[in-house]
Amino acid sequence: MKHLLKLMDLSEKEITEILNLADQLKYEKKNGIKHHILEGKTLGMIFEKSSTRTRVSFEVGMYDLGGSALFLSSRDLQIGRGEPIEDTARVLSRYLDGIMIRTFDQEEVEKLAECGSIPIINGLTDYCHPCQVLADLMTIREHKGVIKGNKLCYVGDGNNMTNSLIVGGIKMGMSVAVACPKGYEPDAQLMAWAKENGDFLCTDDVLEAAKDADVLYTDVWASMGQESEAEERKKIFRGYQINGDVMAVAKKDAMVLHCLPAHRGEEITAEVFEAHAAELFDEAENRLHAQKAVLVKCMS
Ligand code: CP
Ligand code: NVA
């Protein structure tokens with residue numbers, strides 16, 4: 001695997017191999033086993049948006065694997081002043097062994113991979129969030145034993161998270177149901193692909209989507225970059241919330257996931273959040289292990 005640009009580029013086998021390696025790395029970290037797999041290697045981490053989990057887990061992940069990481073804010077880089085991504089890619093390829101990038105436009109990530117000569121890892125774009133969904137799949141497998149055959153229900157905005165959950169869920173044999181308000185559905189091409197390749201439903205009815213779900217997932221109503229729409233979105237998305245009524249129609253042992261940060265009282269109630277904190281923080285922890293597996297696959 002050279003890059004991780006989006007989950008659509010990976011096969012079920014490749015995703016399973018990443019998850020298996022992530023489980024192994026998690027076990028080894030818990031047992032104090034040290035690694036030198038990426039000794040002498042440096043990952044550049046370009047951030048054009050805020051981050052807690054992605055930034056810290058990639059930095060610690062590189063350290064755990066014997067390498068190092070550089071935090072590069074677009075505010076300080078010349079990209080922020082208009083230097084073309086093509087030139088940035090060619091320059092950074094001369095210094096670094098890999099780049100993790102969080103930005104707006106998916107095309108920027110694809111261009112970085114095309115013009116540079118080092119592995120590129122997508123740390124979130126407006127289109128998708130593949131690293132998060134690898135951690136999510138790892139967490140589902142940890143808690144449910146298997147991924148295949150489980151029903152995943154996503155409630156909320158058809159955003160970057162939804163796009164990656166659809167691809168990851170369908171590729172791994174889950175049934176995927178998405179509940180979004182009309183006009184806020186996920187990517188149309190991905191939905192068409194999902195219908196052709198698995199069991200997929202998109203509805204505006206939350207309870208219909210959540211019925212008999214094994215995994216309930218939600219994300220913020222306004223993503224990074226949509227701050228100016230936040231107030232309007234609060235009205236549009238009211239009701240697109242994981243709450244007691246939604247839990248009541250899902251399976252009794254349904255787990256609840258959220259990429260975080262969460263807005264209690266909006267997409268999830270405080271009660272549901274706290275009742276499922278064990279899963280939610282395992283999910284956040286698994287960002288570290290899943291990404292270490294991605295770093296090993298791309299950079300070793
Ligand atoms: N879930 C996630 O990507 O979190 P951060 O925005 O904190 O990196
Ligand atoms: N949809 C959210 C995910 C944050 C991890 C955003 O893009 O802001």
Side-chain angles (χ1 to χ4, degrees), residues 1-11 13-19 21-22 25 35-49 51 53-135 160 163-164 167-168 171 287-300:
M1 190 171 128
K2 168 108 200 239
H3 306 290
L4 174 58
L5 308 180
K6 52 187 183 300
L7 288 182
M8 197 54 114
D9 299 337
L10 302 185
S11 64
K13 183 166 173 276
E14 284 173 309
I15 294 174
T16 304
E17 281 170 7
I18 292 169
L19 301 184
L21 180 56
L25 291 166
H35 285 290
H36 304 277
I37 308 171
L38 297 183
E39 197 166 313
K41 303 221 167 165
T42 306
L43 178 78
M45 308 189 298
I46 302 177
F47 282 93
E48 299 197 40
K49 291 174 175 172
S51 171
R53 281 143 288 268
T54 306
R55 178 186 172 174
V56 178
S57 55
F58 266 105
E59 192 160 338
V60 172
M62 277 305 288
Y63 178 80
D64 281 354
L65 294 167
S68 53
L70 279 181
F71 173 70
L72 304 166
S73 162
S74 63
R75 272 190 296 271
D76 306 322
L77 292 173
Q78 296 285 11
I79 302 183
R81 296 181 56 247
E83 183 167 16
I85 198 78
E86 292 87 338
D87 295 354
T88 305
R90 286 180 287 182
V91 171
L92 294 182
S93 293
R94 304 286 179 114
Y95 306 140
L96 299 167
D97 303 288
I99 294 174
M100 191 287 309
I101 178 167
R102 166 168 288 196
T103 187
F104 295 86
D105 194 348
Q106 175 73 14
E107 231 178 83
E108 197 170 322
V109 178
E110 308 268 347
K111 222 186 260 177
L112 204 53
E114 202 181 296
C115 301
S117 54
I118 54 175
I120 305 298
I121 298 168
N122 183 342
L124 179 145
T125 61
D126 292 346
Y127 176 67
C128 64
H129 197 0
C131 291
Q132 178 67 52
V133 170
L134 290 171
N160 43 11
N163 287 341
S164 285
V167 177
K171 283 203 180 215
R287 291 293 305 277
L288 172 65
H289 311 298
Q291 281 156 207
K292 281 167 73 178
V294 170
L295 289 166
V296 170
K297 293 272 180 201
C298 291
M299 286 174 67
S300 67

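Values below: every heavy atom of this structure, side chains too, minus hydrogens, waters and symmetry copies.
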### Query
To the nearest 0.5 Å, what is the distance between CG (Leu295) and NZ (Lys41)?
11.0 Å

### Query
Are the side chains of Leu4 and Cys131 in touch, meaning some heavy atoms are under 4.5 Å apart?
yes

### Query
Within a strict 4.5 Å, meaning less than it, do heavy atoms of the Asn163 and Leu7 side chains meet?
no

### Query
Do other residues, nucleotides or ligands put more than 12 heavy atoms under 6.0 Å from the CD atom of Glu83?
yes

### Query
Does Arg55 make a cation-pi contact with Phe71 (under 6.0 Å, within 45 degrees of the axis)?
yes

### Query
For the residue pair Ala293 and Ala22, what are the closest heavy atoms and their distance?
CB-N, 3.7 Å

### Query
When you look at Phe47 and Thr103, which way does the side chain to side chain contact (heavy atoms under 4.5 Å, CB included) test go after all the steps?
CA-CA 6 Å; Phe47 282 93; Thr103 187; over 6 Å; no

#### Entry: Minimum heavy-atom distance between Arg287 and Ser57, given as atom pair plus value
CB-OG, 4.0 Å

### Query
Are any non-hydrogen side-chain atoms of Val60 and Leu288 less than 4.5 angstrom apart?
yes

### Message
Between Cys128 and Gln106, is there a side-chain heavy-atom distance shorter than 4.5 Å?
### Response
yes

### Message
Using every non-hydrogen atom in the two residues, find where Lys171 and Leu10 come nearest and quote the distance to one decimal.
### Response
NZ-O, 2.5 Å

### Query
Taking side chain as C-beta onward, heavy atoms only, is Lys111 less than 4.5 Å from Glu108?
no

### Task
Taking the side chain as every heavy atom from C-beta outward, state whether Thr125 and Asn160 have any atom pair closer than 4.5 Å.
no

### Task
Would you mind checking if Asp126 and Lys49 are paired as a salt bridge, meaning a charged N to carboxylate O distance below 4.0 Å?
yes

### Nearest atoms (heavy-atom pairs only) where Gly116 meets Ala89
N-CB, 3.6 Å

### Ionic contact status for Lys13 with Glu17, cut-off 4.0 Å
yes

### Task
Evaluate the side-chain proximity of His129 to Arg102: yes if any heavy-atom separation is below 4.5 Å, no if none is.
yes

#### Entry: Within-4.5 Å side-chain heavy-atom neighbours: Leu38 and Ser300
yes

### Task
Considering only NZ, NE, NH1 and NH2 on the basic side and carboxylate oxygens on the acidic side, decide whether Lys6 and Glu110 come within less than 4.0 Å.
yes

